[in-house]
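Just so it is clear: chains get the letters A, B, ... in the order the sequence lines come, proteins before strands, and each one is counted from 1. These numbers come from the heavy atoms of this one structure, side chains and all, not from hydrogens, waters or symmetry mates.
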There are 2 protein chains.
Amino acid sequence: MRLVVARCEILYTGRLTARLSEAVRLLMFKADGSFLVHDDAGGYKPLNWMTPPTVIEASDHAIVVRKRKGDERLEIRLVEILSDVAHDMGDSAALHKDGVERDLQEELARQPRALGEELALVRREWPTDIGPVDLMCRDEDGGWVAVEVKRIATIDAVEQLCRYLERIDGACRGVLAAQKIKLQAKTLAEARGIRCVEVDLAVLRGEREPELTLFPG
Amino acid sequence: MRLVVARCEILYTGRLTARLSEAVRLLMFKADGSFLVHDDAGGYKPLNWMTPPTVIEASDHAIVVRKRKGDERLEIRLVEILSDVAHDMGDSAALHKDGVERDLQEELARQPRALGEELALVRREWPTDIGPVDLMCRDEDGGWVAVEVKRIATIDAVEQLCRYLERIDGACRGVLAAQKIKLQAKTLAEARGIRCVEVDLAVLRGEREPELTLFPG
DNA sequence: ACCTCAATGTCGTCT
DNA sequence: AGACGACGTTGAGGT
């Protein structure tokens with residue numbers, strides 16, 4: 001990885017145009033061709049960037065980063081280079097995540113009764129022609145229940161579930177399960193006869209006690 | 001901005017859990033409290049990060065970055081520090097963009113006939129109780145036409161426009177205009193009686209000739 | 001504080 | 001290569 005701190009001016013042309021007037025910034029050249037421009041504030045997002053595959057051409061006072069295919073390019077005019085160092089980082093280790101939507105789906109597949117009624121799992125990722133239903137279950141009367149799982153459910157999740165229900169075309173109820181369901185999503189779900197359940201992954205796993213309620217059921 | 005290159009191990013806990021086993025990485029501490037971890041590959045996204053406001057506690061062989069409010073934290077175990085430098089970058093200059101959705105909307109407001117029929121603009125950002133319609137127009141018969149503008153239109157754009165049309169509650173057609181309309185969006189739009197138009201900002205501005213068609217209309 | 005929508009979204013996954 | 005959905009989405013703007 002090469003790290004250049006320089007006073008520079010930058011022009012991006014491609015999907016749109018973006019201009020950065022002269023200032024001191026960090027230019028980051030990664031081993032795989034990735035290029036990032038960061039400044040000293042505003043976390044996470046680079047001001048400018050290009051993802052691989054790229055072609056990098058450097059002259060004395062300018063650097064051009066181009067996409068190998070397509071019309072995107074970054075032109076950097078270098079006014080003053082304050083630092084220029086390279087580090088060999090070798091291969092990095094992979095990032096392992098836990099607690100994403102997939103984990104929630106798996107845990108609910110294992111214990112569908114956590115959805116608040118006597119459900120039996122029929123299939124995970126039940127296929128329809130517009131995509132898979134997260135969990136397809138049957139209730140105690142043998143009725144079909146399609147469950148959409150989200151980490152955070154917005155109005156879009158309700159519409160997604162409704163599209164499935166339209167396609168399934170039969171007596172099939174919908175249940176929306178998420179760690180957090182936005183108010184508007186709840187409202188729309190209610191209007192469309194979809195039940196909402198908020199679940200907590202840590203509780204499902206037995207890692208944490210369910211929240212104490214002052215006036216239980 | 002402080003740049004540390006170090007062999008380290010990192011644990012994130014908060015909205016989910018994520019672990020990075022020991023490897024050499026770049027740790028970036030920005031002046032505003034932002035913290036980023038980057039790797040020598042895989043552009044754009046940091047492996048781990050924390051946006052301000054943060055609290056940073058450093059001891060000899062460990063750094064902890066916490067959110068000032070809430071339960072999110074990053075624990076970095078430092079095995080070997082290969083480099084540790086700081087740069088004063090001063091205030092950076094702002095990024096100026098051109099060609100985003102807003103620019104497309106403005107250009108279409110200026111020449112609504114580019115939408116392929118004789119439309120007259122009534123109002124930009126026409127208010128409804130669930131948000132503004134991008135362009136409200138009238139056609140040559142005096143009928144109302146709501147136009148949703150996107151840079152790239154997906155199925156969500158169709159749903160969004162439909163929600164507006166429901167609310168407007170009257171004879172009002174819908175038109176979806178975008179630089180690129182995804183196939184599924186076109187299909188759903190057609191099914192709901194919404195016309196689709198693909199437009200090109202550069203052509204609208206007269207900066208580029210319209211593409212030649214082999215068999216013009 | 002909350003919600004909505006845009007983003008050069010990016011990134012993985014599957015067809 | 002294109003389409004689709006998740007993302008610790010992030011970030012901006014409005015109420």
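For the pairing with A:C8, the side chain to side chain contact (heavy atoms under 4.5 Å, CB included) check across A:L20, A:L27, A:V79 returns one residue only, A:L27.
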Worksheet item: Step by step, would you call B:R102 with B:E125 a salt bridge (Lys or Arg N to Asp or Glu O under 4.0 Å)?
Response: CA-CA 11 Å; B:R102 176 143 214 96; B:E125 304 284 347; 3.6 Å; yes

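Nucleic acid contact class of A:G99 (heavy atoms, under 4.0 Å, all strands): none. Residue B:T51 is classed as a sugar-phosphate contact, given heavy-atom separations below 4.0 Å to backbone atoms only.
Spacing between D:dG14 and C:dT8 at atom C1', rounded to whole Å, works out to 25 Å. Using atom P as the reference point in both C:dC5 and D:dG8, the two lie 22 Å apart (nearest Å). Spacing of P atoms, D:dC7 relative to C:dA7, comes out at 22 Å, to the nearest Å.
With distances taken from any side-chain atom of A:K69 to the nucleotides D:dA1, C:dT4, D:dA3, the minimum falls on D:dA1. Side-chain proximity of A:W49 to the nucleotides C:dT4, C:dT10, C:dA6 is greatest for C:dT10. Comparing D:dT10, C:dT8, C:dA6 by their nearest atom to the side chain of A:Y44 picks out D:dT10. Side-chain proximity of B:Y12 to C:dT8, D:dA6, D:dG8: nearest is D:dG8.
Residue B:K45 places none of its side-chain N or O atoms closer than 4.0 Å to OP1 or OP2 of D:dC7. Not one side-chain nitrogen or oxygen of B:K67 sits closer than 4.0 Å to the OP1 or OP2 atom of D:dG8. For C:dT8, the OP1/OP2 oxygens have a side-chain nitrogen or oxygen of B:K97 closer than 4.0 Å. In this structure, A:K150 reaches the D:dA6 phosphate: one of its side-chain N or O atoms is under 4.0 Å from OP1 or OP2. In terms of phosphate contacts, A:R15 brings a side-chain nitrogen or oxygen within less than 4.0 Å of OP1 or OP2 of C:dT10.
Annotation: cation-pi geometry satisfied between B:R138 and B:W144 (NZ/CZ under 6.0 angstrom from ring centroid, within 45° of ring axis).
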